[in-house]
Structure formats: C-alpha cells, structure tokens
Amino acid sequence: MKVVLMGPPGSGKGTQAKFIANKFNLTHVSTGDIFRDNIKKETLLGKEIKGIIDKGNFCPDELTIELVKNRLKEEDCRKGFVLDGFPRNLIQAKALTEFNEVDVVIRISVENEIIKKRLTGRRSCVSCGGTFHVDNLENVNVCPTCGGELYIREDDNEDTVKHRLTVYENQTAPLIDYYEKLNLLATVDGDDEIENVTLKIIKVLESL
Ligand code: ADP
Ligand code: ADP
Ligand code: ZN
C-alpha cells in the first residue's frame with residue numbers, strides 16, 4: 001500500500017504515520033524528519049536548509065523531489081510506504097504522479113486555532129523522532145517511548161507557526177483539488193482523540 005498523509009502543520013501526520021506504518025507494515029517516510037536528521041548531522045544538505053526550515057519556509061523543490069524519489073527507490077519502501085510531508089505543493093505533487101503511483105491521499109483536517117495550541121506545546125524526541133504534547137507528558141524533557149531527550153523545534157514558536165499556516169494555505173491546500181480530481185482523496189476529521197483519528201484512517205485504508 002502506498003499512502004500519502006497530508007494536512008496542515010500540527011494536524012497529526014507524524015503521530016498517525018507511525019501507527020499506520022506499524023499496523024500495515026509500511027515504511028514511514030517523513031521529509032521533515034529527513035531534513036532535521038541532516039541538520040543534526042551537519043551534512044552539506046543540512047547546512048543548506050537549516051535557515052529555511054527554521055523560518056518555516058519550504059526547501060527547494062528540485063532538491064526535495066530528488067530526495068524523495070531516491071528514498072522511495074530503497075528496498076524498505078517496496079513493501080509500501082506512508083509519505084508524511086510530501087508533496088507540499090503542485091510541482092511536487094505532479095512530480096510524484098510521474099515517478100510513483102499512490103493508492104490514497106489521506107487529508108487530516110484540523111482548524112488553525114487548535115493547531116496553534118498543539119504546535120506551541122509540541123515536544124519532539126532527539127532519538128526516535130516521536131512527537132508529544134506537554135499536556136500529556138509526565139516529564140516534559142524525557143521521551144515516554146524511548147527515554148530520549150525531548151526538545152522544542154526551532155519552528156514551533158507562535159510567529160513561525162502562523163507563517164507556516166499561511167504557507168500551507170497558499171501552497172499545499174491546492175493539492176486537495178488536485179487529488180480530488182484524481183479520485184485519490186479521503187478526508188479525515190483530525191480534531192478528535194489521537195486513537196479515534198487512527199481508527200478513522202484505518203477504516204479508509206481497509207476499504208481500499
Ligand atoms: P504533524 O506531523 O502534522 O506536524 P504531529 O503528529 O507532530 O503533527 O502532532 C503535532 C502536535 O499535536 C504534537 O504535539 C502531538 O502530540 C499533538 N497531536 C497530534 N494528534 C493529536 C490529536 N488527535 N489530538 C491532540 N493532540 C494531537
Ligand atoms: P510540519 O508538518 O509540522 O510543518 P514537517 O516536519 O513535515 O513539519 O516539516 C518541517 C519543515 O521541513 C517544513 O516547514 C519545511 O521547511 C521542510 N519541509 C518538509 N517537507 C517539505 C517538502 N515536501 N517541501 C519543502 N519543504 C519541506
Ligand atoms: Zn523517543
């Protein structure tokens with residue numbers, strides 16, 4: 001199964017992708033995670049994109065498309081994948097249509113006011129990449145999954161979140177129409193308990 005998860009920043013793509021990948025034995029491919037990993041390791045790519053990501057802008061299309069295209073060719077993606085964070089604009093979506101088939105595009109919809117609360121309280125794990133919310137953490141510094149250190153992403157501050165939401169509206173929202181026309185779109189209401197959102201996504205995937 002080849003699944004794309006789309007939705008505004010903070011809609012729960014990463015959270016849900018992990019559950020879905022586990023349940024359906026798919027490889028989770030997150031462009032954000034790949035980029036942040038490169039920043040952490042201070043690779044050439046990491047140095048090029050750090051400033052862009054911290055400001056909440058998009059990395060260059062050519063670079064991002066090439067990266068995903070190569071990643072999906074790797075052995076572990078043959079069994080199927082969940083793409084989280086790609087495509088993010090029409091150029092990327094059209095490129096994806098050319099180099100890979102997908103079975104479904106699941107859009108997680110969440111209102112902006114809820115997103116702002118989620119992202120300003122998000123804590124991310126340096127070790128496993130898991131994301132959590134301060135409201136659900138006993139210790140806001142320690143990952144409940146792996147014991148790793150939790151940190152606040154540079155782009156999860158109020159101003160940058162606002163900017164990212166505008167970028168989403170302008171650049172990514174047009175994909176809703178694009179995938180609707182291709183008959184690939186399924187929309188799931190993401191303003192619900194994490195487990196309930198997972199159940200709704202599972203229902204969509206089991207109906208394919
Ligand atoms: P995305 O990958 O779309 O940016 P995340 O999965 O990282 O989103 O989730 C963003 C934040 O919202 C995290 O703090 C996460 O714990 C929290 N979150 C995710 N899904 C839900 C939900 N259904 N209800 C409440 N909080 C959620
Ligand atoms: P979120 O969904 O919470 O905004 P991601 O982890 O998916 O976070 O992405 C973080 C950042 O990485 C984005 O704001 C952007 O700068 C960059 N990025 C991720 N995916 C893409 C993409 N497909 N195209 C361009 N930039 C991307
Ligand atoms: Zn962890």
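Only a predicted model underlies this, so the values are computations on that prediction, with no experimental measurement involved. When a ligand or atom number is given, it counts from 1 through the structure's own listing order.
For the pair Lys13 (side chain) and Ser30 (backbone), a donor-acceptor distance under 3.5 Å is absent. No side-chain donor-acceptor contact under 3.5 Å links Asp103 to the backbone of Val3. A donor-acceptor pair under 3.5 Å links the side-chain atoms of Arg118 to the main chain of Ser11, judged by distance alone.
Protein heavy atom nearest atom 24 (N) of ligand 1, with residue, atom name and distance: Arg118 NH2, 3.4 Å. Regarding atom 8 (O) of ligand 1, its nearest protein heavy-atom neighbour is Gly12 N, 3.2 Å. Ranking the protein heavy atoms by distance from atom 23 (N) of ligand 1 puts Asp192 O, 2.7 Å first. Protein heavy atom at the shortest distance from atom 12 (O) of ligand 2 is Ile53 CD1, 3.6 Å. Among all non-hydrogen protein atoms, the one lying nearest atom 2 (O) of ligand 1 is Gly14 N, 2.9 Å. Nearest protein heavy-atom contact of atom 27 (C) of ligand 2 is Phe35 CE1, 3.6 Å. Among all protein heavy atoms, the one lying closest to atom 25 (C) of ligand 2 is Cys59 N, 3.3 Å. When hydrogens are left out, the protein atom nearest atom 20 (N) of ligand 2 is Thr31 OG1, 2.7 Å; that is the closest non-hydrogen contact.
Applying the 6.0 Å contact sphere to CZ of Phe35 captures more than 12 heavy atoms from other residues, nucleotides or ligands. No more than 12 heavy-atom neighbours from other residues, nucleotides or ligands sit within 6.0 angstrom of NZ on Lys55.
Listed by number with element, the atoms of ligand 1 under 4.0 angstrom from any heavy atom of His133 are 14 (O), 16 (O). Near Thr131, with a cut-off below 4.0 Å to any heavy atom, the atoms of ligand 1 are 5 (P), 6 (O), 7 (O), 16 (O). Of all the atoms in ligand 1, the ones that sit under 4.0 Å from a non-hydrogen atom of Phe132 are 13 (C), 14 (O), 16 (O). Contact atoms of ligand 1 toward Thr15: 5 (P), 6 (O), 9 (O), 19 (C) (distance under 4.0 Å to a heavy atom of the residue). Atoms of ligand 2 found under 4.0 Å from any heavy atom of Pro9, numbered from 1 in the order shown, are 1 (P), 2 (O), 3 (O), 4 (O). For ligand 2 and Gly32, the ligand atoms under 4.0 Å from any heavy atom of the residue are 5 (P), 6 (O), 9 (O), 19 (C). Near Gly10, the atoms of ligand 1 lying under 4.0 angstrom from a non-hydrogen atom of the residue are 1 (P), 3 (O), 4 (O), 8 (O), 10 (C). Near Arg122, with a cut-off below 4.0 Å to any heavy atom, the atoms of ligand 2 are 3 (O).
Among Gln171, Lys13, Arg153, the residue whose heavy atom lies closest to atom 10 (C) of ligand 2 is Arg153. Within the set Gln92, Arg164, Arg88, the minimum heavy-atom distance to atom 5 (P) of ligand 2 is found for Arg88.
For the pair Ile106/Leu205, a side-chain contact is recorded, criterion being any heavy-atom separation below 4.5 Å from C-beta on.
The shortest separation from a heavy atom of Gly7 to ligand 1 is not under 4.0 Å, leaving the residue out of contact. In this structure, Gly121 falls outside the shell of residues with a heavy atom less than 4.0 angstrom from ligand 1.
Cluster membership for Val110 and Met6, using ILVMFWY side-chain heavy atoms within less than 4.5 angstrom, is not shared. Note on Phe24: it does not cluster hydrophobically with Phe81, by side-chain heavy-atom contacts below 4.5 Å among ILVMFWY residues.
Inspection of the Asn38 and Thr43 side chains reveals an N or O donor paired with an N or O acceptor under 3.5 Å. Between Asn22 and His28, the side chains place no donor N or O within less than 3.5 Å of an acceptor N or O (distance only, hydrogens not considered). Checked by atom type, the side-chain pair Glu149/Ser127 shows no donor-acceptor distance below 3.5 Å.
Looking at Thr64 against ligand 2, only its side chain comes within 4.0 Å, counting heavy atoms. The proximity of Phe58 to ligand 2, defined as any non-hydrogen pair under 4.0 Å, involves the side chain as well as the backbone. With a 4.0 Å heavy-atom cut-off, ligand 2 is reached by the backbone of Asn57 but not by any atom from C-beta on.
Taking 4.0 Å as the cut-off between side-chain N and carboxylate O, Lys200 and Asp192 count as a salt-bridged pair. Under the 4.0 Å criterion applied to side-chain N and carboxylate O atoms, Arg164 and Asp156 are assigned as salt-bridge partners. In summary, Asp76 and Arg71 engage in a salt bridge, as defined by a charged side-chain N under 4.0 Å from a carboxylate O.
Considering the Zn ion (ligand 3) as centre, the angle to SG of Cys146 and to SG of Cys125 is 100° (10° rounding).
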